[in-house]
> 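Following this message is one structure expressed as structure tokens.
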Amino acid sequence: MTSVKPNDPRTDTEGERLVNAATRLLGRRITLCVSGSIAAYKACELARLLVKLGAKVNVALTRSATQFVGAATFSGITGNPVSIEMFEDAAVGESHITLSTQSDLLVIAPATADLLARLATGRADNLVTACALCARCPIIVAPAMHPSMWEHPATQRNIEQLRVDGRVKIVGPARGEVASGDVGLGRLEEPEIILHHVVAALSPQDLKMRHVVVSAGPTLEDMDPVRFLGNRSSGKMGFALAQCAAQRGARVTLVAGPTHLPTPPDVTRVDVRSALSMRSALWEALGSKLDGADVLIMAAAVSDFRSSEIQTEKLKRNPNTKIPQLAMNPDILAEIGAERRGSVPLLIGFAVETNSDALIASARSKLSSKHVDLVVANLAEKAFGLDENHVTLVTKAGESKLGVDSKSNLASRILDWAVASLGDAR
Ligand code: CTP
């Protein structure tokens, strides 16, 4: 059997320990239940993602699921034996009781129309339905079936019943092409989306009733219809912050410069292009009195300069071309900091530098010049475009080095700071 070690400490290029490479689900016990749908193959990817985030994953298959994907695949991915029968191992006893009582969360993906019917009527005729009936932990159900089966009043009645019972969270199905080639509502949600809901279900809901506004990505400043000034920001840090805040229960508005990143679930995204359009979108989200949000996190790499004029025709390369001058963009965060009265919203800025010697001093000067509560200091070469970052939190009270970590873990730790500060402000 393959041995899976998702949490091996790694090192970055300078030999520093990459701590907590995969901790969002570290030590959490998750039972992944799979029923007999063609989409069962996607459950393999879900199992891999859960393991990658540190979860201890056990898999329970219905008999029909084994027609689509084998137990060996899941035991290979999870490093744990797979259960199919309720009373298969005398040493373990009743598998459904053991699995459900020892799990922090059950995720049923894919859940067929038949399985939904059995869950809705409280049947316990196989390992998966018995686990669901027995479990007192959160249960996520991700349906997958042909769109005609999903639309059928019987399925809709079953889904409604499950919603009314309030014991499970339904994720999906998604709209798109199903195995038969037909298009409609019925596809299993993508594994990354199901994973988001798993993490949310196991996260503290300490940002509930809070509105968190996050800016992310670069801004692009047009010069003419084909050229622009931009920067190398990928948006990954800001998107990780938005996703993590949503997982912790916040209402999240993400003001995003141009990036190809998908919108995290449960996040309201406002797409912008230039610094000026980002500024308008942020004021809209915060309200003119800045009373529309609890927290603003400016993770965007806002361009400090724009072309003084935007040509309507492509600039031609000839000696007579008047090369446009640059104009200074407003400093959005400084403007908001200057306008804020009291401590709402909590203001978190970033400081990006290319010179490591100047990093902390620059962050500290931004802390006071922009009137913000926290500056997250990072170096461009260790941040831009990467899945990991190396940051130091700088506040009036001092500095805290978070070291090298995944952007998702760092987002969680920045939000820990925000939650503690919001508590202080009450
Ligand atoms: N920022 C902003 N508006 C700008 C420039 C930056 O709101 N026109 C915000 C960024 O989103 C970030 C913080 O200010 O949270 C610091 O950005 P950074 O690029 O590190 O520094 P600058 O303020 O642009 O200053 P400098 O380039 O001189 O270091």
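As a basis for the values below, the full set of heavy atoms in this structure was taken, side chains included, without hydrogen atoms, waters or symmetry mates. Order of appearance sets the numbers: ligands from 1, and atoms from 1 within every ligand.
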> Check Lys407 against Ala240 and note the closest heavy-atom contact, atom names and distance.
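Scanning both residues, the minimum pair turns out to be O-CB, 3.8 Å.
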> Quick one: do Asp224 and Lys316 make a salt bridge, cutoff under 4.0 Å?
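Looking at Asp224 and Lys316, the cut-off is not met.
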> Considering all heavy atoms of both residues, which atom of Arg364 and which atom of Gly398 are nearest to each other, and what is their separation?
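What the structure gives for the nearest pair is NH2-O, 3.5 Å.
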> Indicate whether any N or O donor in one side chain lies under 3.5 Å from an N or O acceptor in the other, for Thr78 and Asn80.
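Looking only at side-chain atoms, Asn80 and Thr78 do not form any donor-acceptor pair under 3.5 Å.
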> Closer than 4.0 angstrom, basic N to acidic O: yes or no for Glu45 and Lys42?
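No, no charged N to carboxylate O under 4.0 Å.
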> Counting only heavy atoms from other residues, nucleotides and ligands, does the tally under 6.0 Å from CD of Gln156 exceed 12?
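Yes.
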> Could you pull out every N or O of ligand 1 that sits under 3.5 Å from a protein N or O, with the distance for each pair?
residue  : atom   : partner : partner atom : Å
ligand 1 : 3 (N)  : Ile332  : N            : 3.1
ligand 1 : 7 (O)  : Ile332  : N            : 3.4
ligand 1 : 7 (O)  : Leu333  : N            : 2.8
ligand 1 : 8 (N)  : Asp304  : OD1          : 3.3
ligand 1 : 8 (N)  : Pro330  : O            : 2.9
ligand 1 : 11 (O) : Met298  : O            : 3.4
ligand 1 : 11 (O) : Ala300  : O            : 2.7
ligand 1 : 14 (O) : Lys370  : NZ           : 2.8
ligand 1 : 15 (O) : Met298  : O            : 2.8
ligand 1 : 15 (O) : Phe350  : N            : 2.9
ligand 1 : 15 (O) : Phe350  : O            : 3.4
ligand 1 : 20 (O) : Val352  : N            : 2.9
ligand 1 : 20 (O) : Lys366  : NZ           : 2.9
ligand 1 : 21 (O) : Lys366  : NZ           : 2.9
ligand 1 : 23 (O) : Lys370  : NZ           : 2.4
ligand 1 : 24 (O) : Asp304  : OD1          : 3.2
ligand 1 : 24 (O) : Asp304  : OD2          : 2.7
ligand 1 : 27 (O) : Asp304  : OD2          : 3.4
ligand 1 : 29 (O) : Lys366  : NZ           : 2.9

